[in-house]
Amino acid sequence: MHINRNHAPMDLPYHSTMVDYKTRLTEAMKYANVSVSALAAAIGVSYQAVSKAVDGTTNSLSAYNNSKAADFLCVDARWLATGEGSMELKRQEEAHMVPLVPWESLSTWKGVSEWQSRPEGNEFTIVPISCSNETFCVIAQGDSMVAPHGSMQSYRPGSHLYFDPLRDNGKPSDGAPILAKLIGSDEVTFKIYKQEGARRWLAPLNPQHEPIRNSFTVMGILIGQWTN
């Protein structure tokens with residue numbers, strides 16, 4: 001079982017003395033199974049900015065973007081920046097229980113506090129990455145977020161998806177995977193958040209599905225995927 005933090009494997013006790021930044025960044029992206037485009041979208045920079053850091057055209061990401069990249073890749077920021085210490089985080093200190101919410105219950109989801117106040121029959125699961133106390137988990141359904149090409153990030157039915165409503169202050173960046181509830185409907189959907197000016201819509205990864213242009217509210221931003 002591994003966590004893919006768009007996204008990071010779980011079971012790799014790894015230490016490194018890699019001297020150049022591009023090698024550490026490449027190893028961290030491989031560790032997290034993250035593409036250049038996915039990392040660029042996650043930290044809010046261009047594809048070219050990450051690509052140049054990966055191929056060594058630039059020496060490194062900025063300190064700020066290095067920190068954001070390390071958080072997204074779930075590796076130690078000091079290791080990524082300098083090569084000192086260990087790549088992996090101390091996950092046992094971070095792991096805690098979060099609600100495992102059935103898909104059919106998402107339309108009436110009112111947050112973690114209510115779930116915890118009525119624990120009878122409710123399920124919980126471990127989240128092995130750093131997150132807020134409002135994080136919850138759902139199990140992916142359908143094939144709208146299954147990418148047509150194996151080289152692209154994909155979210156297959158049955159994988160555990162972790163959403164944090166407080167990530168980025170609840171304001172996803174263009175290209176972020178989110179859980180959204182359609183306004184005026186009980187429908188909840190997992191899609192890619194798209195924004196162009198004042199226009200917002202939801203895009204699938206599978207081209208056989210149509211974009212959703214209805215109004216919606218953001219229930220949470222994806223922070224991790226855990227697959228068997």
Side-chain angles (χ1 to χ4, degrees), residues 3-7 37-38 40-44 72 96-125 127 129 131-149 152-227:
I3 188 158
N4 184 349
R5 204 177 175 187
N6 231 75
H7 294 74
S37 57
I43 67 176
F72 183 71
H96 60 276
M97 303 298 289
V98 299
L100 177 59
V101 186
W103 199 274
E104 59 271 19
S105 299
L106 288 171
S107 62
T108 57
W109 171 251
K110 295 181 180 179
V112 171
S113 58
E114 184 189 46
W115 191 265
Q116 293 173 333
S117 68
R118 297 184 294 103
E120 297 79 10
N122 291 341
E123 290 188 62
F124 294 82
T125 186
V127 57
I129 54 180
C131 60
S132 81
N133 291 331
E134 292 301 318
T135 297
F136 60 96
C137 177
V138 300
I139 296 177
Q141 297 186 356
D143 65 353
S144 67
M145 290 292 281
V146 177
H149 306 293
M152 297 175 62
Q153 178 62 46
S154 203
Y155 307 91
R156 298 190 177 280
S159 62
H160 286 59
L161 306 173
Y162 294 87
F163 295 96
D164 189 344
L166 303 184
R167 173 57 61 93
D168 297 332
N169 296 315
K171 298 178 180 179
S173 59
D174 180 60
I178 68 166
L179 192 71
K181 183 177 181 181
L182 305 189
I183 294 176
S185 168
D186 288 334
E187 183 179 353
V188 174
T189 186
F190 172 47
K191 295 290 185 292
I192 300 297
Y193 177 85
K194 300 297 293 180
Q195 182 168 4
E196 190 174 279
R199 295 171 53 241
R200 304 191 316 163
W201 71 96
L202 301 169
L205 292 177
N206 187 338
Q208 295 182 5
H209 292 257
E210 294 293 327
I212 297 175
R213 302 189 184 277
N214 308 57
S215 298
F216 60 89
T217 58
V218 177
M219 296 181 66
I221 299 172
L222 186 75
I223 61 169
Q225 175 186 199
W226 197 352
T227 58

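If you read the sequence from its start, that first residue is 1, and numbering goes on from there. Only a predicted model underlies this, so the values are computations on that prediction, with no experimental measurement involved.
Pairs passing the side chain to side chain donor-acceptor pair (under 3.5 Å) check and including a residue from residues 101-111, sequence neighbours excluded, do not occur. Note on residues 167-186: no pairs pass ring-ring contact (aromatic ring centres under 6.0 Å, His included), not counting sequence neighbours. Residue pairs satisfying the ring-ring contact (aromatic ring centres under 6.0 Å, His included) criterion with at least one member in residues 164-186, sequence neighbours excluded, are absent. Among residue pairs with one or both ends in residues 199-215, those qualifying as side chain to side chain donor-acceptor pair (under 3.5 Å) are Asp143-His209, Glu196-Arg199; sequence neighbours excluded.
Residues satisfying the side-chain hydrogen bond (donor to acceptor under 3.5 Å, both in side chains) criterion with Ser37, sequence neighbours excluded, are Ser35. With sequence neighbours excluded, no residue forms a ring pair (Phe, Tyr, Trp, His ring centres under 6.0 Å) with Phe216. With sequence neighbours excluded, the residues that form a side-chain contact (heavy atoms from CB on, under 4.5 Å) with Ser185 are Leu182, Glu187. Scanning for salt bridge (charged side-chain N to carboxylate O under 4.0 Å, His left out) contacts around Lys181 gives an empty result, with sequence neighbours left out. For Pro172, the side-chain contact (heavy atoms from CB on, under 4.5 Å) partners are Ala176, Ile178, Tyr193, Val218, Ile221, not counting sequence neighbours. Take Asp168 and apply the salt bridge (charged side-chain N to carboxylate O under 4.0 Å, His left out) test, not counting sequence neighbours, and it matches no residue.
Looking at every heavy atom in both residues, Pro204 comes nearest to Ser144 through CB-O, 3.4 Å.
Of the residues Ile139, Val138, Leu179, the one that meets the side chain to side chain contact (heavy atoms under 4.5 Å, CB included) test with Leu161 is Val138.
Atom NE2 in His160 sits 11.0 Å away from atom CD in Gln225 (nearest 0.5 Å). Between the SG atom of Cys131 and the CG atom of Asp164 there is a distance of 6.0 Å, given to the nearest 0.5 Å. For the atom pair NZ (Lys171) and CD (Gln195), the distance works out to 10.5 Å, reported to the nearest 0.5 Å. The CD1 atom of Ile192 sits 4.5 Å away from the CG atom of Leu205 when rounded to the nearest 0.5 Å.
Within the 4.5 Å cutoff, side-chain heavy atoms of Thr217 are placed close to those of Ile183. For the pair Pro207 and Pro148, the minimum side-chain heavy-atom distance is below 4.5 Å. Inter-residue side-chain proximity for Val98 and Thr125 is flagged as met; some heavy-atom pair is nearer than 4.5 Å. Contact annotation: the side chain of Thr189 approaches that of Leu202 to within less than 4.5 Å [non-hydrogen atoms, C-beta and beyond]. Tyr155 places none of its side-chain heavy atoms less than 4.5 Å from the side chain of Val146.
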task = Would you sort out whether Phe163 and Phe190 count as a ring-ring contact (aromatic ring centres under 6.0 Å, His included), showing the intermediate values?
result = CA-CA 10 Å; Phe163 295 96; Phe190 172 47; 5.5 Å; yes

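Looking at Ser154, its side chain does come within 3.5 Å of a backbone N or O of Ala147 through a donor-acceptor pair.
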